[in-house]
Amino acid sequence: MPNIEVNDFDLAHTLECGQLFRAERREGWYYVACRDHLFKVRQQNNMLEYDGVDEEFLVRFFALDLDLEAIYRKINVDPHIDAAIRQCRGLRICRQDPWECLVSFICSSANTITNIRKVVKLLSERFGQKAKLDDYETHTFPKPGTLNDVESLREAKAGFRAESIAVANNLVTDEYLHALPSAGYEAARERLMQISGVADKTADCVLLFSMDFLSAFPIDTWVKQVIAKEYFHGQNVSLHKMREFAMIYFGQYAGYAQEYLYHKARMDAGRGKGSRK
DNA sequence: AGACAGGGGAGTG
DNA sequence: CACTCCCCTGTC
């Protein structure tokens with residue numbers, strides 16, 4: 001079984017912090033599906049054992065090329081974020097497939113993680129192809145162009161997000177999405193937000209989790225609570241102000257700060273795996 | 001069984 | 001700009 005030595009990496013935090021919806025624990029392994037890739041992985045101390053993809057893919061996917069300590073030095077600017085870093089140490093932001101990421105986070109709007117996982121699974125079963133590793137069976141994620149039937153999307157429990165998925169499906173291609181980052185953060189964000197069903201939070205998730213914009217700071221209800229409490233004396237501030245503040249306050253790796261604050265809040269509330277987003 | 005959580009959009013003040 | 005209602009599904 002191939003393996004690789006890793007530093008500053010925590011597989012469980014990375015896979016269970018809510019950034020991914022197609023990772024599943026099975027008999028001591030995590031099986032991870034990403035677009036048309038399927039691999040398994042487990043960690044023992046500094047050793048990562050894996051199968052199904054090559055080392056190059058793994059390093060890129062888990063962003064093992066990044067110096068996490070350097071990122072901590074940049075974002076660790078107060079006691080609260082320091083506590084989050086101590087609690088979530090080793091959590092890395094993965095580099096997802098942009099299309100799968102876009103559709104997944106369209107599904108995340110007003111939805112719980114459990115439900116998002118279910119919808120993404122149903123979409124894959126219905127529109128993707130079978131994939132198998134060992135005894136683990138799953139499906140590839142459907143390609144752009146295949147998600148245009150609103151009725152079927154509703155049958156996959158997408159609910160009112162079905163129309164938005166179809167809109168995205170008809171508006172973008174893989175080439176379009178892969179070219180987006182070169183336009184820069186603001187322009188890429190504006191383009192994503194042209195898709196009905198994609199506003200600030202969803203756009204920033206896609207930019208952060210699939211386009212390497214590590215300064216993007218998606219604000220969901222959990223992060224909103226934390227920012228209000230820790231940085232605005234509990235007063236209610238507009239999401240726009242919060243985002244503006246956070247991107248300056250935490251700087252070029254604000255997205256990492258966001259993910260640590262988010263994961264800490266959820267762990268403190270006893271929701272390490274699963275329920276609400 | 002009825003309230004509520006969860007982003008985004010549309011409409012209104 | 002801010003506020004309110006609705007979209008759908010699931011849980012409590």
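Letters go in sequence order (proteins before strands), and every chain restarts at 1.
Checking the phosphate oxygens (OP1, OP2) of dG8(B), a side-chain nitrogen or oxygen of Thr202(A) falls inside 4.0 Å. The shortest distance between the side-chain N/O atoms of Lys224(A) and the OP1/OP2 oxygens of dG6(B) is not below 4.0 Å. The phosphate of dA5(B) (OP1 or OP2) has no side-chain N or O of Thr112(A) nearer than 4.0 angstrom.
The residue Leu153(A) sits apart from the nucleic acid: no heavy atom pair falls under 4.0 Å. Here Ser164(A) lies out of heavy-atom contact (under 4.0 Å) with every strand. Among the heavy atoms of the strands, none lies under 4.0 Å from Val119(A).
You'll find that the side chain of Arg154(A) is closest to dC7(C), out of dG7(B), dC7(C), dG10(C). Of the candidate nucleotides dG7(B), dG9(B), dG10(C), dG9(B) has the atom lying nearest to any side-chain atom of Ser196(A). Comparing dG6(B), dG10(C), dG8(B) against the side chain of Ser109(A) picks out dG8(B) as the nearest. The listed nucleotides are dG7(B), dA2(C), dG9(B); the one nearest the side chain of Ser238(A) is dA2(C). Distance from the side chain of Phe160(A) is smallest to dC7(C) among dG9(B), dC7(C), dG6(B). The side chain of Arg161(A) lies closest to dG6(B) when the candidates are dG9(B), dG6(B), dG7(B).
Among Glu259(A), Arg86(A), Gln87(A), the single residue meeting the side-chain contact (heavy atoms from CB on, under 4.5 Å) criterion with Lys264(A) is Gln87(A).
As a whole-Å value, the separation of Leu123(A) CG from dC8(C) P is 16 Å. Leu102(A) has its CG atom 17 Å from the P atom of dG7(B), to the nearest Å. Gln225(A) has its CD atom 12 Å from the C1' atom of dG6(B), to the nearest Å. Here the C1' atom of nucleotide dG10(C) and the CG atom of Asn115(A) are 6 Å apart, to the nearest Å. What separates CG of Leu239(A) from C1' of dG9(B) is a distance of 15 Å, to the nearest Å. The CD atom of Glu244(A) sits 10 Å away from the P atom of dC1(C) (whole-angstrom rounding). Leu192(A) has its CG atom 12 Å from the P atom of dG8(B), to the nearest Å. Straight-line distance from the CE atom of Met193(A) to the C1' atom of dG9(B): 11 Å, rounded to whole Å.
Here the straight-line distance linking atom CD1 of Ile93(A) with atom OH of Tyr256(A) works out to 5.0 Å at 0.5 Å rounding.
For Tyr50(A) and Phe39(A), the distance between ring centers is not under 6.0 angstrom. Aromatic ring centres of Tyr253(A) and Tyr260(A): separated by at least 6.0 Å.
With a 4.5 Å cut-off on side-chain heavy atoms, Leu133(A) and Tyr31(A) count as touching.
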